[in-house]
**Q** 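Shown below is the structure under consideration.
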Amino acid sequence: MPEIVFWRLLLVAAPFAVWFVWGFWAKRTGRPMGSTPWAWLAVIGLVLVGLSLVATAIFHPDNRREVYVPGQVRPDGTVSKGYFEKGPRAPGPPSPRNWAK
């Protein structure tokens, strides 16, 4: 979980980092810089986070037809990791042939 939060915070910080690196480079080359668009940078960061959440929902593996086996305490005191295993297939919607009965 902390790793996911770290990557999301990195996505929020990316537009700010790009802006400040570009501003540093522009000042060194003598180009005039305007004021920092804080609101736009925040919006771009939030859009990046939103896109990452959508991508996670689309590309995350589907586990709806699997059964979760929780971690268990072993005799030596360590805890095994939980995992998914193939479970019984969930019943689907009734067949139209059975509706008349």
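All heavy atoms count here, side chains included; hydrogens, waters and symmetry mates do not.
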**Q** Please say yes or no: joined through hydrophobic side-chain contacts below 4.5 Å, possibly via intermediate residues, are Leu41 and Trp22 part of one cluster?
**A**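 Linked within one cluster.
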**Q** Report the distance from atom OH of Tyr68 to atom CD of Glu85, rounding to the nearest 0.5 Å.
**A**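 Atom-to-atom, Tyr68:OH and Glu85:CD are 12.0 Å apart.
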**Q** Of all the heavy-atom pairs spanning Ile44 and Pro15, show the shortest one and how long it is.
**A**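 Answer, listing the atom of Ile44 first, then Pro15: CG2-CG, 3.6 Å.
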**Q** Do Gln72 and Thr78 come within less than 4.5 Å of each other through their side chains, counting heavy atoms only?
**A**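 Result no, sub-4.5 Å side-chain heavy-atom pair not found.
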**Q** Kindly indicate whether the side chain of Phe16, heavy atoms from C-beta on, has any atom under 4.5 Å from the side chain of Trp38.
**A**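 Yes, their side chains come closer than 4.5 Å.
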**Q** Could you give the distance from CG (Leu10) to CG (Leu48), rounded to the nearest 0.5 Å?
**A**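 The distance works out to 10.0 Å.
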**Q** Taking atom CD of Glu3 as the centre, report whether more than 12 heavy atoms of other residues, nucleotides or ligands fall under 6.0 Å from it.
**A**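 No, not enclosed.
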**Q** As an exercise, state the distance from CG of Leu11 to CG of Leu46, rounded to the nearest 0.5 Å.
**A**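 With rounding to 0.5 Å, CG (Leu11) is 10.5 Å from CG (Leu46).
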**Q** Among the clusters formed by ILVMFWY side chains lying less than 4.5 Å apart, do Leu9 and Val21 turn up in the same one?
**A**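 No, separate clusters.
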**Q** May I have the step-by-step check of side chain to side chain contact (heavy atoms under 4.5 Å, CB included) for Phe20 and Thr36, ending in yes or no?
**A** CA-CA 9 Å; Phe20 289 121; Thr36 305; 4.2 Å; yes
**Q** Tell me the closest heavy-atom pair linking Met33 and Gly23, and the distance in Å.
**A**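 Closest pair (atom of Met33, atom of Gly23, distance): CE-CA, 3.5 Å.
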**Q** Atom CH2 of Trp19 and atom CZ of Phe24: how far apart are they, to the nearest 0.5 Å?
**A**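 Answer for the CH2-CZ pair, Trp19 versus Phe24, is 15.5 Å.
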**Q** Who pairs with Trp7 by ring pair (Phe, Tyr, Trp, His ring centres under 6.0 Å), at least two apart in sequence or on another chain?
**A**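 Trp7 satisfies ring pair (Phe, Tyr, Trp, His ring centres under 6.0 Å) with no other residue.
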**Q** Hey, could you give me the OG1/CG distance between Thr56 and Leu51, rounded to the nearest 0.5 Å?
**A**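 Between Thr56 OG1 and Leu51 CG, I get 10.5 Å after rounding to 0.5 Å.
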**Q** Which residues pass the ring pair (Phe, Tyr, Trp, His ring centres under 6.0 Å) test with Phe59, not counting sequence neighbours?
**A**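 With sequence neighbours excluded, Phe59 shows a ring pair (Phe, Tyr, Trp, His ring centres under 6.0 Å) to no residue whatsoever.
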**Q** Looking at CG of Leu53 and CD1 of Ile58, how far apart are the two atoms once the value is rounded to the nearest 0.5 Å?
**A**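 With rounding to 0.5 Å, CG (Leu53) is 11.0 Å from CD1 (Ile58).
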